[in-house]
Amino acid sequence: MQTSHSEKIHSILETAFMTPSSATDPALVQHQLRGNVLVVTIDHAPVNALNAAVRRGLIDAIEAADGNASVRAVLIVGAGRNFIAGADIREFGKPAVPPSLPDVCNRIEACSKPVVAAIHGAALGGGLEVALASHYRIAFEGAKLGLPEVQLGLLPGAGGTQRTPRLIGAQAALSLMLSGRHVGAQEALRTGLVDRVGHSDDVLTEGLAYAHELIATRAAPRRTRSAPGLADKEASTAAIAAARADTQKKARGLLSPLKIVDCVEAALNLPFDEGLQFERAQFLECRESPQRAGLVHAFFAEREAQKAPETRDARARALHAVGVIGGGTMGAGIAVALLDAGFIVTMIERDDASLARGRAHVEKVYDGLIAKGRLNDEAKARAMQRFSGDTSYDALADADLVIEAVFEDMAVKKAVFAELDRVCKQGAVLATNTSYLDIDELAASISRPQDVLGLHFFSPANIMKLLEIVVPARVAAEVVATGFELAKKLKKVAVRAGVCDGFIGNRMLAVYRAAADHLMEDGASPYQIDRAVRDFGFPMGPYQVIDLAGGDIGWAARKRRAASRDPNARYVRIGDELCERGWFGQKTGRGFYRYEDGARIGKPDSEVEAIIDAERARAGITLRTFDDAQIVRRYLAAMINEGANIVHEGIALRPLDVDATLMHGFGFPRHRGGPMHYADSVGLDRVLADIREFAQEDPLFWRASPLIERLVASGKNFASLNQAA
Ligand code: 3H9
């Protein structure tokens, strides 16, 4: 459908008698008289974002419509796959260029001829606001309408907060703007966001037919500013109060959600133009905030991270059938992620009993979703039809990709890979889900190292968005490209990582957790550390995470690494002490917290505090107090410094890859844009000064990254490295 529409629009653009709408950029908005309808086409690839030239072009087009007596109606359409994806996000943070989008929307609304918006694909943010300022709206099947500004730290700032509630009521408008979710054409029709749904493939023809119908019935411009959606003042007041109470609970320091509620209140209580002014002031405050900068950085970082050099240079191999080795929590989660993306999955386990357990793990994930009402039995049955299990590797002969998720032990993994080498067809991608083992060594152990890739999922693998694509030295570019293609199909954020202990995420985790341990031994309680980290914006503090994942996992890793640890490096034994008592966290009812009667939220434990005190005494620590800000400074400095080392060594391609990793795999607050963006926002020189100050106490742990030193010396920041790949 979209192709035919876009082809049509482009063929119109190529015809004669076209009037460029903007002297500065003639191609972006075109208008052409088709009979008595002025067709205004926005053609700004890839998503018709409303940059200055498009805004100017829209005003010119409406002026042209008003000034031409032959024009009886206006039809606004988007070329390509979308109507309009919103304001041009790349313009934020740069000097504003007139006309502003609110002025454009007001001009459209003031047009003396009926204006129809024909919506296909995305009509988001400012794009939907253009449609709301139009007088009539038709949305086509497959359209995505929404006001997602909140996800960028903004609010709809081109009349959206004033027009939407007038059109669909306060409650529905608040729900749309506070969630940022997209709605389809049918739902948009039901809520009153649009007037009709278009069913044909031909947006232009059906849009024109609608415009002609309006002309024939002498329909007048119908301005949303006068729509009656807020007529029931009592219901609107109640909806606003409820949204405010809910948002106060959930917003966690975010600026724009409460401002959205304030704007809807202004829509209810103020005349339209005053409401617009109020909205503008709130919008500008959000636009200038560091939260907006962080969230826009996050938006681009997760898209840029997908553009590894191999995805440009090589073609992905075809993927249909996938094998998963191991039916534990990780293997089952990976299997579910694959099934959800439509793959045929074969699970391999060593014997029937293990296979039955693996299958049960997979079913348990689906049953959990059914219990929460997110899935029905039929959908589960459909997914399970594509699932099979076997105890023989021979069942993988036709697999296009195999992902092993067995025990973290090099010898065990090598044995698995030897089998894969034996049975898999030529060209199959052989992937390991190892968290830290040397994938170069693993690849070198078989006859086809060019096919070996790291695919590091995070638990629960069907939920967590992050997928580290770990690139060993001898892998073929097309195998790496296949990893990125898989991530796209799984709807994951893929980040390219080099081979090292822990890759990007877990390597950083080890360091900032050590910084937390040092703080704890020096005098901060784990409860204070968790609170300070949560208040910064992480969903959980480090000790809550340990209790959730199981303290025994880190304990086993520490024991494994004991022999290779630098004997001069500071080592905090508190975690080991807890594990020696069998306190592994939630699953054992005790860890850093106490979980009474299966509670998921732990309570501080005085016995843990006594153990910490004893360890402090044993280590001869002179106790100090830290305020929350000091805790966060150390925690973040350790994270940023290791992130810089990772970029310096080429393990991550750019700082933005580190940001995407921490945001999608480790709960780094999105509105702060990831640790590297955060470092830039506080000033890299300040971070370096912190590291140097902390180094006076522990020079071994706090060694400033050469990359930070170099950037500070040359007056640059991490952002300056994000362009180069
Ligand atoms: C707003 O409107 C404020 C107003 O209320 C008030 C103003 C006064 N600008 O995602 P994709 C780029 S705030 C600039 O991979 P898809 C994107 O970076 C805005 N660029 O494609 C990528 O570039 P590249 C509210 C944008 O098909 C390319 O387009 N709107 C914008 O998977 C393709 O993007 C939003 O928040 C933009 N607005 O998904 C909508 N949008 O090729 C944000 C995209 O160089 N956009 N790009 O990597 C989206 O949700 C998705 O991009 C969309 C397409 C669903 C449209």
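Sequential numbering from 1 along the given sequence is applied to the chain's residues. Just so you know, ligand 1 is whichever comes first in the structure, and atom 1 is the first atom listed for that ligand.
Judged purely by atom type and a 3.5 angstrom limit, Glu206 uses its side chain to pair as donor or acceptor with the backbone of His199.
Residue contact check for ligand 1: Gly160 places no non-hydrogen atom closer than 4.0 Å to it. The shortest heavy-atom distance from Asn82 to ligand 1 is not under 4.0 Å. Every heavy atom of Arg287 sits 4.0 Å or more from the atoms of ligand 1.
Atom 52 (O) of ligand 1 has its closest protein heavy atom at Arg303 NH2, 3.9 Å. What sits closest to atom 31 (C) of ligand 1 on the protein, heavy atoms only, is Val47 CG2, 3.7 Å. Protein heavy atom closest to atom 48 (O) of ligand 1, with residue, atom name and distance, is Lys307 NZ, 2.6 Å.
Contacts of Ala87 with ligand 1, taken as heavy-atom pairs under 4.0 Å, involve both backbone and side chain. Of the heavy atoms in Gln151, none comes closer than 4.0 Å to ligand 1. Using a 4.0 Å cut-off between heavy atoms, Ala49 contacts ligand 1 through its side chain alone, with no backbone atom that close. Under 4.0 angstrom from ligand 1, there are no non-hydrogen atoms of Leu50.
Between Phe299 and Phe92, a ring centre-to-centre spacing not shorter than 6.0 Å is recorded.
Less than 4.0 angstrom separates some heavy atom of Gly86 from each of these atoms of ligand 1: 2 (O). Per-residue contacts place Gly125 under 4.0 angstrom from the following atoms of ligand 1 (heavy atoms of the residue considered): 2 (O), 25 (C). Interface of Arg81 with ligand 1, defined as ligand atoms under 4.0 Å from a residue heavy atom, comprises 27 (O).
The aromatic rings of Tyr136 and Tyr210 lie perpendicular to each other, with more than 60° between the two planes, well past the 30° mark.
By the ring pair (Phe, Tyr, Trp, His ring centres under 6.0 Å) test, His456 is found to be paired with Phe458, Phe503, residues two or more places apart in sequence or in another chain being considered. By the side-chain hydrogen bond (donor to acceptor under 3.5 Å, both in side chains) test, Asp88 is found to be paired with no residue, residues two or more places apart in sequence or in another chain being considered.
In this structure, atom 16 (P) of ligand 1 has its sub-4.0 angstrom surroundings free of protein heavy atoms.
Between Arg317 and Asp400 there is no side-chain heavy-atom pair separated by less than 4.5 Å.
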